[in-house]
Amino acid sequence: MARVPKKLGPYRDKRAPGITNEPFGDEAPAIDARASSKPGQTESGAFVVHLHDATKRHYDVRLEIGGVLLSFAVPHGPSLDPAKKVLAVKTEDHPIEYLDFEDVIPDGQYGAGSMIVWDRGSVTYVEGPAETELAKGKLHVELRGMKLRGRWAFVKLAKGETGNEWLLFKKQDGESDPVRAIAITEDLPRSVLSGLTVDELAGRDEIERSHLERAKKLGAKKDASLVGTLLERERSPLATPSVHEGAAAKGARVYDAQLEGVRVLAVRDGDVVALRVWTGRTPERIEAFYPDVVRALRALPMTRAAFDGELVAFDATGHPNLPRLAQRVARIAKGEAHRAVTTTPVVLVVNDVLALGDLDTRPLKLEARRALVSGLLPPLGFLRAATPLEGDEARVLATCASLGIANVIAKGKGSAYTEGQGRWSLLSTGLPPRSRSVVDHKAGEHQTTLRHVVVSNREKVFWPADPSANLRARTENYTKGDLVDYYASIADVLGPYLKDRPVILVRYPDGIDGKSFFQWNVPVGMPPWIRTLTLAHDLDEGALASTGATSPTPSRVSSPPPSQKAPKRVFLVEDRSTLVYIANLGCIPLHVLASRAPDLARADFFTIDFDVKQSELRHAVTLARTLRGLLDAIGLVGYPKTSGQTGLHVLVPLGPNQSFDTARALADLLGRLLVERHPDIATMDRIVSRRGDRVYVDTGQTGTSRAIVAPYSVRAVPGATVSTPLAWEEVTADLDPRAFTITTVPRRIAERGDLFAGLLAAQPDIPTAVAKLAVLVERSR
DNA sequence: GCTATGA
DNA sequence: TCATAGCAACGCTGT
DNA sequence: ACAGCG
Ligand SMILES: [Mn+2]
Ligand SMILES: [Mn+2]
């Protein structure tokens with residue numbers, strides 16, 4: 001049995017286990033709950049203030065000390081006026097689990113009546129360890145709660161009747177309010193958990209019905225399966241803002257500050273609470289990192305609901321701060337949940353509502369949905385309604401800029417909630433380089449690490465609009481942000497493809513018209529979680545390794561002999577964070593080797609590249625289809641993709657254990673057969689001037705150090721095209737590679753899936769293919 | 001885009 | 001402190 | 001030996 005603090009004796013004596021709904025204090029507290037300070041030397045902890053409607057209504061202030069909650073009953077409640085000292089009667093210690101207790105204690109039980117969590121936060125004992133001070137009849141604390149903040153003091157009355165009488169008062173500081181402009185207990189009466197007043201708690205079912213009634217009156221239609229659907233479905237139901245300024249209807253607009261946090265769909269279905277994110281193409285659930293938000297959603301007087309919101313942590317000045325949130329996630333991952341959650345609370349700022357009860361609220365007008373949200377959520381709590389801005393757009397942007405907010409989302413008044421891109425506009429306040437960050441809540445197999453990537457210069461134009469482009473072509477700019485978003489959104493499709501495969505970055509830090517360079521080696525200064533591969537001497541050998549971001553090998557004292565090549569350390573791009581990171585470096589195309597660690601001497605596919613250049617795409621199409629026939633005849637399968645420029649690539653999987661010599665030989669022989677069959681439109685001549693207007697059949701991209709542009713890679717050409725996997729049925733004369741761009745390809749993947757699936761799993765019979773190809777070649781001469 | 005360098 | 005250079009590869013061809 | 005090519 002768990003070790004129960006002796007201090008809880010009086011608490012347990014007053015209560016009947018199994019009958020009261022209060023925690024009984026016999027469960028082992030969170031592992032780190034008692035470890036936050038040395039035994040008997042508590043320096044900090046959590047606090048809760050309950051509002052308890054017992055025989056006599058009172059507040060209960062409970063401070064974590066030595067693994068239990070030191071408790072005071074405060075009849076008048078705290079005051080921000082330092083001159084107003086209120087009576088605080090020390091009561092029995094409560095178990096640590098009581099921090100989260102909010103319920104109606106049944107009649108007949110000790111303390112029967114409603115009890116809400118009026119405030120919650122962290123406490124620091126500012127004048128030495130709590131136990132030491134307590135022994136002297138004093139306790140000076142710094143509270144960081146949602147309502148109570150700053151310095152407070154408890155002082156024991158020397159001549160109390162029972163010895164339990166103390167005084168509680170505010171110390172003078174920036175948070176004190178001597179003129180009592182704020183009557184904190186009256187102005188902020190609601191639970192920070194459920195948003196209910198203590199009077200409402202017992203009637204929460206009634207409250208829930210009235211919220212639903214209101215939604216129905218506003219026009220919400222019944223869809224009993226919606227919440228369940230939102231809990232499960234793959235595709236994101238969230239609306240995403242478009243960088244297209246005109247996406248939101250001009251005219252009447254409402255503005256939401258874009259907070260630096262984690263965008264989630266929050267769903268509650270009874271006891272089930274999910275926080276779902278679609279940072280990539282497949283959803284993840286991250287509620288394990290947000291027990292405070294989960295508790296609040298469970299406490300809400302709405303048993304089934306779905307919200308669109310932002311998880312936000314705040315810094316000391318009250319500004320949203322993503323690195324702090326990141327740090328908290330990391331600490332929770334390390335098993336320090338209690339401390340991390342206590343010191344860094346996270347709030348769900350709710351921007352919108354998709355479903356309430358059995359009602360679909362998405363078709364409602366924006367203002368109606370807002371009204372429902374702000375009616376349901378308290379102004380101060382773990383769940384909060386976002387406060388939209390209205391008025392002149394320039395003024396709104398200026399206001400936000402002055403608050404340090406870089407981006408604002410404009411939404412058309414009266415608009416319904418529509419999933420996907422298109423109805424909201426992302427506006428820049430013109431603040432310094434606008435940045436956005438991405439938080440991964442899981443990385444690697446079991447280890448949960450936080451990866452926090454700050455994306456700089458999202459508005460930087462990487463693909464300038466082409467004013468001379470024909471009408472059907474996009475005339476807008478594409479930005480660096482568009483690039484990052486594209487790679488982030490397709491990371492899951494790209495992932496298996498890039499696994500264990502060296503990637504060469506082709507970087508355009510200033511966009512497609514700026515300078516560019518290839519980058520094989522991982523430069524210094526990369527974050528430690530970027531995986532790399534060290535290539536031993538030649539590409540014949542290589543070992544899997546992870547960088548420490550630290551010492552760039554000071555081991556090699558003497559420089560290597562000039563003849564010998566320095567060992568290379570290349571990128572392995574195996575996850576979304578890395579993809580976002582390298583996109584932020586200005587990497588537009590990704591090139592990959594046709595081999596994977598640890599067997600870099602083996603080719604797992606070869607490529608036949610149809611370079612159109614002076615020729616025409618329809619000829620490349622003819623050649624690719626002929627190639628398909630040849631491959632079929634020798635028992636191989638080709639996977640076609642656009643190059644992203646003007647030509648086509650056909651990738652032919654080889655399965656395991658094939659040498660680059662074999663791969664290259666197959667490619668060359670197939671190329672020769674193609675040229676023989678179509679001498680008028682194909683050539684393998686390396687001299688450009690002799691090619692004329694024929695397609696160059698390039699088989700030279702197969703070799704240990706030869707790279708090809710990866711499938712789904714973006715190209716640094718006008719139009720922000722993507723090297724796009726195709727179905728053979730699409731390889732026709734009317735194929736238009738310009739249609740595949742960083743905006744269209746994610747949609748295409750969502751609709752058609754990964755057309756290259758199967759390439760990696762192929763196990764073709766290569767010896768037979770080689771033999772059959774030899775026969776074909778023999779026959780043709 | 002970022003670091004190491006040489007002036 | 002500031003401006004700038006470097007950031008890949010390799011075999012083959014033709015001159 | 002060196003530049004051009006993909
Ligand atoms: Mn009480
Ligand atoms: Mn080529």
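As the structure is a computational prediction, the values presented were derived from the model and not from experiment. Throughout, a chain's letter reflects where its sequence line sits, starting with A, and its residues are numbered from 1.
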Aromatic stack A:W520/C:dA8: centroid gap under 5.5 Å, interplanar angle under 30°: no
Within less than 4.0 Å of OP1 or OP2 of [N], is there a side-chain N or O belonging to [X]?
X: A:R691; N: D:dG6; answer: yes
X: A:N457; N: B:dG1; answer: yes
X: A:R690; N: C:dG14; answer: yes

If you check every side-chain atom of [X], which of [options] has the closest atom?
X: A:N521; options: C:dC10, D:dG4, C:dA8; value: C:dA8
X: A:K568; options: C:dA9, C:dG11, B:dT3; value: C:dA9
X: A:F517; options: C:dG11, C:dC7, B:dA4; value: C:dC7
X: A:Y696; options: B:dA4, B:dG1, D:dG6; value: D:dG6

Write down the distance separating the C1' atoms in C:dC10 and B:dG1, rounded off to the nearest Å. 27 Å
Classify the nucleic acid contact of [X] as base, sugar-phosphate or nothing, counting any heavy atom under 4.0 Å across all strands shown.
X: A:F462; answer: sugar-phosphate
X: A:K515; answer: base
X: A:R664; answer: nothing

Apply side chain to side chain donor-acceptor pair (under 3.5 Å) to A:T732 and A:D734, showing your working. CA-CA 5 Å; A:T732 60; A:D734 58 3; 2.5 Å; yes
If you measure only the distance, is there a donor-acceptor pair under 3.5 Å linking the side chains of A:T626 and A:H678? yes
Given 3.5 Å as the limit, does a donor-acceptor pair link the side chain of A:E310 with the main chain of A:G261, or not? yes
Taking atom CZ of A:R672 as the centre, does the number of heavy atoms from other residues, nucleotides or ligands within less than 6.0 Å exceed 12? no
Taken to the nearest whole Å, CZ/A:F610 to C1'/D:dG6 is 15 Å
